[in-house]
Amino acid sequence: MNIILLGPPGSGKGTQAKMIADKYSVRHISTGDILRENVRNNTPLGVEAKKFMDAGQLVPDSLLIDIVKDRLAKPDVQGGYMLDGYPRTIPQAEALDKILPSLKQKIDVVLNIDVPDNELVRRLSGRRMCKCGRSYHVAFNPPKVEGKCDECGGDLYHRDDDKEAAILNRLEVYKQQTQPLIDYFNKQGIIANINGAAEIPKIFEEISATLNKF
Ligand code: AP5
Ligand code: MG
């Protein structure tokens, strides 16, 4: 089963992705995590991407399309995957539509997670991340031991783009460039709308009910 997770910054894509990956044995491919790893390792891609990410802007399409093309061809994702954070623009979606047939793949469902703006700001400003990709919230979803990841014991950090100015930019960029994808996938008849304003387990129940149909 191949899934796309669509939703604004802070809608819970990463949080739900961890749970979906465990239950349905699909690989979690987060373009944000891939870019952050490149930033940490100071690769040429990371140096280029950091300028855009810190400002809450999108990294240029051409870079992302190449990353995803390479990743989807790897053996470990052939049993099923979940794209988290890609596509984010119409040109990225069109590129994916070209890549998939050449790999004999298709997307089964797009989970569109909807959350009101004021809730997104509350979630992002209190978020703490681990470099393994897991995210926490100081109030809504705290780790068992303060500052440490439950899963790998790594130190939690505050993302540079979770500062207020960057958060507001990211929400605007989402509306301008990513929201049009809802229509794009609606036309393909593969969208499932998920109410992302509920508690984490409740959202996962709704997602599971959708995925169980596949
Ligand atoms: P990316 O890492 O993809 O960030 P994003 O889309 O902005 O989404 P987030 O990771 O911020 O939110 P999330 O939906 O995963 O929420 P989470 O589960 O963590 O991208 C970062 C940047 O990389 C982009 O801005 C761009 O520059 C670049 N980039 C990446 N992909 C790109 C692409 N394709 N093209 C161009 N550029 C690209 O949850 C958020 C918080 O809320 C956490 O604290 C969590 O604990 C809490 N929480 C989760 N669910 C709930 C709930 N139900 N109730 C209460 N709290 C909750
Ligand atoms: Mg995320």
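Index from 1, following the sequence. Below, all heavy atoms of this structure are taken into account, side chains as well, without hydrogens, waters or symmetry copies. Order of listing sets the numbers, starting from 1, for every ligand and every atom in it.
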**Prompt:** With atoms numbered from 1 as shown, which atoms in ligand 1 lie under 4.0 angstrom from a non-hydrogen atom of Leu124?
**Reply:** 11 (O)
**Item:** Residue portion contacting ligand 1 (non-hydrogen atoms closer than 4.0 Å) for Leu58
**Value:** both
**Asked** Which residue and non-hydrogen atom of the protein lie closest to atom 27 (O) of ligand 1, and at what distance in Å?
**Response** Gln57 O, 2.6 Å
**Message:** Tell me whether Glu199 is salt-bridged to Lys202, with the criterion being a basic N under 4.0 Å from an acidic carboxylate O.
**Reply:** no
**Message:** Does the residue Arg122 have a heavy-atom contact with ligand 1, meaning some pair of atoms that are separated by less than 4.0 Å?
**Reply:** no
**Item:** Shortest protein heavy-atom distance from atom 48 (N) of ligand 1, along with the residue and atom involved
**Value:** Arg123 CD, 3.9 Å
**Prompt:** Taking only heavy atoms of Thr31, which atoms of ligand 1 are found under 4.0 Å from at least one of them?
**Reply:** 30 (C), 31 (N), 32 (C), 34 (N)
**From the candidates Arg159, Lys13, Lys18, the one that places a heavy atom nearest atom 10 (O) of ligand 1** = Arg159
**Message:** Just to check, does Ser11 reach to within less than 4.0 Å of ligand 1 when the distance is taken from its heavy atoms?
**Reply:** yes
**Fill in**
The answer for which part of Asp162 has a heavy atom under 4.0 Å from ligand 1 is neither
**Asked** Under 4.0 Å between a Lys/Arg side-chain N and an Asp/Glu carboxylate O for Arg36 and Asp33?
**Response** yes
**Request:** Could you see which bit of Thr15 sits under 4.0 Å from ligand 1, with heavy atoms only: side chain, backbone, both or neither?
**Result:** both
**Message:** Please check if the number of heavy atoms outside Glu37 that lie under 6.0 Å from its CD is greater than 12.
**Reply:** no
**Message:** Donor-acceptor pair, distance only, cut-off 3.5 Å: does the side chain of Arg127 make one with the backbone of Arg159?
**Reply:** no
**Asked** Are the charged groups of Arg27 and Asp84 less than 4.0 angstrom apart, N to O?
**Response** no
**Prompt:** Side chain or backbone of Gln16 under 4.0 Å from ligand 1, or both, or neither, by non-hydrogen atoms?
**Reply:** neither
**Asked** Salt bridge or not for Asp76 and Lys74, using N-O below 4.0 Å?
**Response** no
**Message:** Between Asp162 and Arg170, does any NZ, NE, NH1 or NH2 come within less than 4.0 Å of an OD or OE carboxylate oxygen?
**Reply:** yes
**Message:** I want to confirm something. Looking only at heavy atoms, which of Val115, Ile203, Leu63, Val59 is nearest to atom 36 (C) of ligand 1?
**Reply:** Val59
**Item:** Closest protein heavy atom to atom 19 (O) of ligand 1, given as residue, atom name and distance to 0.1 Å
**Value:** Arg127 NH1, 2.6 Å
**Asked** Under 6.0 Å from the NZ atom of Lys131, do we count more than 12 heavy atoms belonging to anything else shown?
**Response** no
**Message:** Only heavy atoms of Leu35, strictly under 4.0 Å: list the atoms of ligand 1 that pass.
**Reply:** 23 (O), 28 (C), 29 (N), 30 (C), 38 (C)
**Request:** Please answer whether the main-chain N or O of Leu72 pairs with a side-chain N or O of Gln105 as donor and acceptor at a distance below 3.5 Å.
**Result:** yes
**Request:** Pick one of side chain, backbone, both or neither for how Ile200 approaches ligand 1, counting any non-hydrogen atom pair under 4.0 Å.
**Result:** both
**Request:** Consider only side-chain N and O atoms of Asp97 and Gln188, and report whether a donor and an acceptor are under 3.5 Å apart.
**Result:** yes
**Asked** Taking non-hydrogen atoms only, is Tyr174 closer than 4.0 angstrom to ligand 1 via side chain, backbone, both or neither?
**Response** neither
**Message:** Please state which option from Arg170, Arg88, His137 has its nearest heavy atom closest to atom 24 (C) of ligand 1.
**Reply:** Arg88
**Item:** Side chains of Asp108 and Asn2, donor plus acceptor under 3.5 Å
**Value:** no
**Item:** Residue-ligand contact Gly56/ligand 1, heavy atom below 4.0 Å
**Value:** no
**Fill in**
Short version for Ala198: what comes under 4.0 Å of ligand 1, heavy atoms counted, is backbone
**Request:** Provide the full list of ring-ring contact (aromatic ring centres under 6.0 Å, His included) pairs with a residue in residues 151-181, sequence neighbours left out, each pair given once.
**Result:** none
**Request:** Can you sort out which atoms of ligand 1 are near Gly85, meaning under 4.0 Å from one of its heavy atoms?
**Result:** 31 (N), 32 (C), 33 (C), 34 (N)
**Prompt:** Any idea which atoms of ligand 1 are less than 4.0 Å away from a heavy-atom of Pro9?
**Reply:** 5 (P), 7 (O), 8 (O), 12 (O)
**Prompt:** What protein heavy atom sits nearest atom 22 (C) of ligand 1, and how far off is it?
**Reply:** Met53 CE, 4.0 Å
**Message:** Whether the side chain of His137 engages the backbone of Ser125 through a donor-acceptor N/O pair (distance < 3.5 Å, no angle test) should be reported.
**Reply:** no
**Closest to atom 44 (O) of ligand 1 (judged by heavy-atom distance), picking from Tyr136, Phe204, Tyr86, Phe140** = Tyr136
**Asked** Going by the order shown, which atoms of ligand 1 are within less than 4.0 Å of some heavy atom of Gly14?
**Response** 13 (P), 15 (O), 18 (O)
**Asked** Do the side chains of Val59 and Ile99 join up, straight or via other hydrophobic residues, at under 4.5 Å, putting them in one cluster?
**Response** yes
**Request:** Measure the distance from atom 12 (O) of ligand 1 to every protein heavy atom, then report the residue, atom name and distance (to 0.1 Å) of the closest one.
**Result:** Gly10 N, 2.8 Å
**Item:** Protein contact to atom 16 (O) of ligand 1 [nearest heavy atom, distance to 0.1 Å]
**Value:** Gly12 N, 3.3 Å
**Prompt:** Can we say Arg123 and Glu119 salt-bridge, meaning some charged N sits less than 4.0 Å from an Asp/Glu carboxylate O?
**Reply:** yes
**Request:** Mark up the atoms of ligand 1 that fall under 4.0 Å of a heavy atom belonging to Gln92, in ascending order.
**Result:** 33 (C), 34 (N), 35 (N), 36 (C)
**Carboxylate-amine/guanidinium proximity below 4.0 Å for Asp160 and Lys163** = yes
**Message:** So if I count the atoms of ligand 1 from 1 in the order they appear, which ones are less than 4.0 Å from some heavy atom of Arg36?
**Reply:** 2 (O), 21 (C)
